[in-house]
Amino acid sequence: MAEVSELIKERRRKLEGIRERGIKPYGGRFQRSHCLGEAVEIGDKVKVAGRIMALRSHGKTAFADLRDGSGQIQIYVNLDLLGEERYNLFGKLDIGDFVGVEGEVFKTRTGELTIKVENFTILSKSLRPLPEKWHGLKDVEIRYRQRYLDLIANEEVRKIFNLRSSLIKVMRQWLDERGFLEVETPMLQPIPGGAAGKPFRTHQDTLEMDLYLRIAPELYLKRLLVGGFEKVYEINRSFRNEGISTRHNPEFTMLEVYQAYADYQDMMKLAEELITHLAESLLGGIKFTYQGMEIDLTRPWRRLTFHQALKENYGVDIEEEDIKSLTEKIRSAGVKLEGEKVTRTALIRLLEKSLSSTSPTFVIDYPAFLCPLAKKKDESRAERFELFMGGCEIANAYSELNDPIEQRQRFQEQKLTDEEEELRGHHESKNPLDQTCSQEKMIDEDFIRALEYGMPPAGGLGLGIDRLIMLFTDSPSIRDVILFPQLRPEK
RNA sequence: GGGCCGCUAACUCAUCUGGUAGAGUACCGGCCUUUUAAGCCGGGUGUACUGGGUUCGAUCCCCAGGCGGCUCACCA
């Protein structure tokens with residue numbers, strides 16, 4: 001720190017002033033009688049603590065607004081009450097400092113309940129000025145980098161993260177009540193599976209082996225179905241080393257649920273009921289607005305086959321057309337494609353465009369080649385759905401493929417197409433990490449072995465929690481619902 | 001990774017066509033013993049993201065870089 005701003009120097013001077021009086025500017029435990037959100041009445045003797053959010057000094061008297069995690073209250077100090085020494089010490093306090101106060105509640109002339117401070121304790125001296133009180137903190141870069149400031153300055157942001165916590169709590173409760181068992185499966189995986197996407201690679205020194213941060217928990221949760229657990233779920237982070245956008249953060253939170261003897265139809269019901277329940281308990285209703293779009297969760301939600309969705313909206317017949325006319329039509333619909341490759345993402349973009357202003361829609365029965373882990377409905381289609389809402393992909397589910405022989409074949413086909421793409425030169429990457437890409441397509445032999453022991457038929461559902469919270473809080477970017485989104489380091 | 005846009009005081013923002021930066025809040029000093037976006041008087045506290053270039057002169061124009069936002073691409 002070469003240059004320290006005048007404001008910081010000034011606060012350090014005050015800090016020294018406090019120390020010179022033999023007072024510790026960083027206190028310890030402070031026993032409170034009340035939280036600031038609790039109701040108090042005139043005459044109550046209270047002992048509270050919090051951060052000074054505003055100061056109005058009048059010479060021989062002063063008011064300050066004190067805030068803690070539960071609420072805010074005004075405090076009042078005056079010279080007669082505190083004596084000169086203590087009163088001058090109070091003058092060393094700034095907006096941002098933590099202070100504990102003790103006194104009696106009274107009502108001011110303007111009718112505000114206020115604590116008349118008889119004694120106060122400095123709990124923490126703040127050395128940096130807080131963002132401006134009226135306009136708050138708007139600079140998104142500072143908001144994301146220094147989330148603590150965002151939380152201090154912007155109440156709506158605190159509300160978002162409170163809702164996030166409640167949502168996960170309610171979700172757990174709902175699943176627990178229905179007999180689902182919450183489990184934790186490896187984040188560090190020797191073979192990352194269960195989804196697409198480039199994994200993050202790391203290394204375990206003792207075992208002298210490379211490991212990958214999981215891109216999905218799927219293959220481990222299915223092993224638990226093999227093991228005899230019939231209803232399991234996991235709420236936790238997955239990691240994908242892909243592009244970052246308003247809907248993608250390298251680490252994101254997913255719910256994955258598996259239920260034995262069920263299928264994707266059951267998962268549709270589960271998704272409907274769970275999300276409706278979340279909306280009712282957190283938003284107080286099943287209608288809300290996301291970025292100007294009216295979203296209505298009234299059941300049953302629309303079901304649309306993948307085939308229909310593309311045909312109706314774009315005249316694209318995925319079962320009839322060859323790659324060339326398919327890519328042409330996708331392009332003319334305004335979705336860009338790299339090369340001649342029809343990716344799952346391109347198709348999803350297409351769907352998102354047409355479903356963007358609608359209430360929840362299940363797009364069902366995907367082309368089987370797009371879902372190697374799903375049970376086939378017939379030759380070309382798989383029992384899979386994706387749930388779209390507010391123009392965003394929220395959930396994804398299958399009737400889980402439990403035939404070990406077919407599973408191996410489907411993995412191999414997948415591997416083949418990846419190799420084909422390689423040959424076609426679509427992977428002209430010089431990134432050394434891409435070497436792991438071929439590795440990561442390795443078949444998870446233990447997963448196949450588990451299936452060979454027998455996995456009951458099951459439905460499985462993955463739900464993007466961050467995205468659901470975006471919808472519920474009307475947040476335009478996933479960064480608004482993740483406390484510390486990934487950013488490049490400063491300087 | 002590509003395209004577009006942005007970066008000015010601690011914060012929120014101005015600064016016209018290139019003439020050397022200014023408001024509010026915050027902060028400092030003064031007055032003020034019930035204020036609440038307290039008030040009144042006085043004070044501008046600055047590496048204009050960084051580094052080059054053009055120019056008599058650059059916050060402004062040009063080039064390179066950094067960080068961020070949006071968007072496109074990638075994400076069985």
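Quick caveat: nothing in here was measured; it's all calculated off a predicted structure. No hydrogens, no waters, no symmetry mates; every other heavy atom, side chains included, goes into these values. Labels below follow one simple rule: chain letters A, B, ... track the order of the sequence lines, proteins then strands, and each chain is numbered from 1.
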J.: Centres of the A:Tyr212 and A:Phe200 rings: under 6.0 Å?
T.: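 Between A:Tyr212 and A:Phe200, the centre distance exceeds or equals 6.0 Å.
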J.: Output the single nucleotide from B:C28, B:A10, B:G68 whose closest atom is nearest the side chain of A:Val140.
T.: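 In terms of side-chain proximity for A:Val140, the closest of B:C28, B:A10, B:G68 is B:G68.
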J.: Between B:C11 and B:C41, how many Å separate the two P atoms, rounded to a whole number?
T.: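 Taking atom P in both B:C11 and B:C41, they lie 27 Å apart.
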J.: If we take the P atom in both B:U50 and B:U34, what is their distance in whole Å?
T.: 48 Å
J.: Quick check for you: among B:U33, B:C27, B:U34, whose closest atom lies nearest to any side-chain atom of A:Phe63?
T.: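 Ranking B:U33, B:C27, B:U34 by closest atom to the A:Phe63 side chain puts B:U34 first.
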J.: Take atom OH of A:Tyr76 and atom P of B:U33, then tell me their distance rounded to the nearest Å.
T.: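 Taking atom P of B:U33 as the reference, OH of A:Tyr76 is at 10 Å.
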J.: Can you confirm whether the side chains of A:Tyr398 and A:Glu383 place a donor and an acceptor under 3.5 Å from each other?
T.: no
J.: Whether A:Arg109 contacts B:U35 is assessed here as follows: a side-chain N or O lying under 4.0 Å from the phosphate OP1 or OP2. Is that the case?
T.: yes
J.: Specify the residue among A:Pro476 and A:Lys116 whose closest nucleotide of RNA chain B lies further upstream toward the 5′ end.
T.: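 Upstream on the strand: A:Lys116.
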J.: Between atom CG in A:Leu7 and atom P in B:G44, what is the gap in whole Å?
T.: 15 Å
J.: Can you tell me the Watson-Crick or wobble partner of B:C70, both distances under 3.5 angstrom?
T.: B:G3
J.: Give a yes/no answer on whether the side chain of A:Arg479 brings an N or O atom under 4.0 Å of OP1 or OP2 in B:G69.
T.: yes
J.: Tell me whether the side-chain N/O atoms of A:Arg56 come closer than 4.0 Å to OP1 or OP2 in B:A38.
T.: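 Yes, because at least one side-chain N or O of A:Arg56 sits under 4.0 Å from OP1 or OP2 of B:A38.
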J.: Within the structure shown, what part of the strands sits under 4.0 Å from A:Asp65 by heavy-atom distance: base, sugar-phosphate, or nothing?
T.: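 Since no nucleic acid heavy atom lies under 4.0 Å of A:Asp65, the category is nothing.
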J.: Just checking, is any N or O donor in the side chain of A:Arg86 or A:Asn119 under 3.5 Å from an acceptor N or O on the other one?
T.: yes
J.: Side chains of A:Arg164 and A:Thr253: donor-acceptor distance under 3.5 Å anywhere?
T.: yes
J.: Nearest-Å distance, CD (A:Glu10) to P (B:A9)?
T.: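 Going from A:Glu10 (CD) to B:A9 (P), I get 20 Å.
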J.: Can you check the distance between B:U20 and B:A58, where both ends of the measurement are the C1' atom (answer in whole Å)?
T.: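 Going atom to atom, C1' in each nucleotide, I get 9 Å.
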J.: Need one value for A:Gly96: base, sugar-phosphate or nothing, where a base atom within 4.0 Å counts as base even if backbone is also close, heavy atoms only.
T.: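 The answer is nothing, as A:Gly96 stays clear of every strand by at least 4.0 Å.
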J.: Grab the NE2-C1' distance between A:His248 and B:G1 for me, whole Å please.
T.: 15 Å
J.: Does A:Arg11 reach a base, just sugar-phosphate, or nothing at all? Heavy atoms under 4.0 Å.
T.: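 No contact at all - A:Arg11 keeps every heavy atom at 4.0 Å or more from the nucleic acid.
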J.: Heavy atoms only, 4.0 Å cut-off, all strands: where does A:Tyr144 land among base, sugar-phosphate and nothing?
T.: sugar-phosphate
J.: Counting only side-chain N and O atoms of A:Arg488, is one of them less than 4.0 Å from OP1 or OP2 of B:C67?
T.: yes
J.: With both distances kept under 3.5 Å, what pairs with B:A23, Watson-Crick or G-U wobble?
T.: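 Across all strands, the one nucleotide that pairs with B:A23 is B:U12.
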J.: Counting heavy atoms from C-beta on, name the nucleotide in B:U12, B:A76, B:C75 closest to the side chain of A:Glu132.
T.: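 Closest nucleotide to the A:Glu132 side chain: B:U12.
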J.: Determine the Euclidean distance between corresponding P atoms of B:G6 and B:A10; express it in Å to zero decimal places.
T.: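 Here B:A10 and B:G6 have their P atoms 22 Å from each other.
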J.: Nearest-Å distance, CD (A:Glu141) to P (B:C11)?
T.: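 So the CD-P distance, A:Glu141 to B:C11, works out to 11 Å.
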J.: I'd like the P distance from B:G46 over to B:A21, given in whole Å.
T.: 13 Å
J.: Would one find a side-chain N or O of A:Lys133 under 4.0 angstrom from OP1 or OP2 of B:A26?
T.: yes
J.: Indicate, with a heavy-atom threshold strictly under 4.0 Å, whether A:Glu112 touches base, sugar-phosphate, or nothing.
T.: base
J.: Contact class for A:Ala195 (heavy atom, under 4.0 Å): base, sugar-phosphate, or nothing?
T.: base
J.: Mind calculating the distance between CG (A:Leu127) and P (B:C27) to the nearest angstrom?
T.: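 It is 15 Å, rounded to the nearest whole Å.
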J.: Determine which nucleotide pairs with B:C32, using a 3.5 Å limit on both distances of a Watson-Crick or G-U wobble pair.
T.: none
J.: Hey, which of these two, A:Leu487 or A:Thr61, hits RNA chain B nearer its 5' end, going by closest nucleotide?
T.: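 The answer here is A:Thr61.
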J.: Just the rounded figure in Å: distance from P of B:G29 to NZ of A:Lys14.
T.: 7 Å
J.: Think A:Arg349 has a side-chain N or O under 4.0 angstrom from the OP1 or OP2 of B:C72?
T.: yes
J.: Can you confirm whether A:Arg237 is buried at CZ, in the sense that more than 12 heavy atoms of other residues, nucleotides or ligands lie under 6.0 Å from that atom?
T.: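 Counting neighbours around CZ of A:Arg237, 12 or fewer heavy atoms of other residues, nucleotides or ligands fall under 6.0 Å, so no.
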J.: Is the shortest side-chain N to carboxylate O distance from A:Asp403 to A:Lys375 below 4.0 Å?
T.: no
J.: Please pick, from B:C27, B:U34, B:A37, the nucleotide with the shortest atom-to-atom distance to any side-chain atom of A:Trp134.
T.: B:A37
J.: Ring centres of A:Tyr76 and A:Phe106 under 6.0 Å apart?
T.: yes
J.: Whole Å only: how far is the CG atom of A:Leu55 from the C1' atom of B:C28?
T.: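 About 15 Å, once rounded to whole Å.
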J.: Using a cut-off of 4.0 Å on non-hydrogen atoms, how would the nucleic acid contact of A:Val77 be classed: base, sugar-phosphate, or nothing?
T.: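 Nothing, no heavy atom under 4.0 Å.
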J.: Please give the distance between the C1' atoms of B:U45 and B:C27 as a whole number of Å.
T.: 8 Å
J.: Provide the distance between the two P atoms, one in B:G3 and one in B:G19, to the nearest whole Å.
T.: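 So the two P atoms sit 31 Å from each other.
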J.: Answer with base, sugar-phosphate or nothing: what part of the nucleic acid does A:Ile142 contact at a heavy-atom distance below 4.0 Å?
T.: sugar-phosphate
J.: For B:U50, give its Watson-Crick or G-U wobble partner with both distances under 3.5 Å, or none.
T.: B:A64
J.: Can you tell me how the ring of A:Phe362 sits relative to the ring of A:Phe385, calling it parallel under 30°, perpendicular over 60° and tilted otherwise?
T.: perpendicular
J.: Could you measure between the two C1' atoms, the one in B:U59 and the one in B:C70, and give it in whole Å?
T.: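 After rounding to an integer number of Å, I get 24 Å for this pair.
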J.: May I ask you to check whether A:Gln74 and A:Arg56 show a side-chain donor-acceptor distance below 3.5 Å?
T.: yes
J.: Need one value for A:Thr246: base, sugar-phosphate or nothing, where a base atom within 4.0 Å counts as base even if backbone is also close, heavy atoms only.
T.: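 Sugar-phosphate: the residue A:Thr246, judged by heavy atoms under 4.0 Å, touches backbone atoms but no base.
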